[in-house]
Amino acid sequence: MSNETAALARTRIQYLESLGDELRGRGFAVRLTVPRVGPPSLHVVNPQVSVLAEHILAENSDDGWWYWWSWAERIARVDDLDDAVERVLRVLATTGEHD
């Protein structure tokens, strides 16, 4: 792995850990996954209903770093952690939760 690739992976992990800490503090189960091939991701699970789960990525775009859903839709900029947390909570909420 090149130094540039390793640095990119470390940056992704730092952003995902920050999001994971916030979501864990809100009662969600989180697990950082760092595969040998492919980018790291954060697996987030609503403990109330475990089927409400998703993998989140942190990727650098032309306009900066963003959190992304696994279905290739942006969540929020990594520097707007509050917005990212709120959007994840809404998507993974049970009916009436986090309205």
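Since this is a predicted model, take the numbers as computed values, not measurements.
Within the 3.5 Å criterion, the main-chain N or O of H43 finds no donor-acceptor partner in the side chain of R31. Although no hydrogens or angles enter the test, the distance criterion places a donor-acceptor pair under 3.5 Å between the side chain of Y67 and the main chain of Y15.
Side chains of V30 and R24 form a contact here, defined as non-hydrogen atoms less than 4.5 Å apart. Using a 4.5 Å heavy-atom cutoff, the side chains of E54 and V91 are not in contact. The closest side-chain heavy-atom distance from L89 to L23 is below 4.5 Å. Side-chain contact check for R74 versus S61: some heavy-atom pair is nearer than 4.5 Å.
Tested against V88 for a side chain to side chain contact (heavy atoms under 4.5 Å, CB included), the candidates N46, L42, I75 yield a single pass: I75.
With rounding to the nearest 0.5 angstrom, the OG atom of S18 is 11.5 Å from the CG atom of D79. In this structure, I56 CD1 and L92 CG are separated by 6.5 Å, a value rounded to the nearest 0.5 Å. The structure places CG of D83 at 8.0 Å from CD of E86, a figure rounded to the nearest 0.5 Å. Annotation: the span from T33 atom OG1 to H55 atom NE2 amounts to 6.0 Å, rounded to 0.5 Å. In this structure, Q14 CD and W65 CH2 are separated by 9.5 Å, a value rounded to the nearest 0.5 Å.
In this structure, P47 and A29 approach most closely via the heavy-atom pair CD-N, 4.2 Å. Contact detail for P40 and P35: the closest heavy-atom pair is CA-CD, 4.0 Å.
Note: the hydrophobic cluster containing V78 also contains V34 (ILVMFWY, side chain heavy atoms under 4.5 Å, direct or indirect links). By the criterion of side-chain heavy atoms lying less than 4.5 angstrom apart, applied directly or through intervening Ile, Leu, Val, Met, Phe, Trp or Tyr residues, L32 is not grouped with V45; the two fall into different hydrophobic clusters.
Hydrophobic cluster membership for W68: L57, W66 (Ile, Leu, Val, Met, Phe, Trp, Tyr linked by side-chain heavy atoms under 4.5 Å, directly or transitively).
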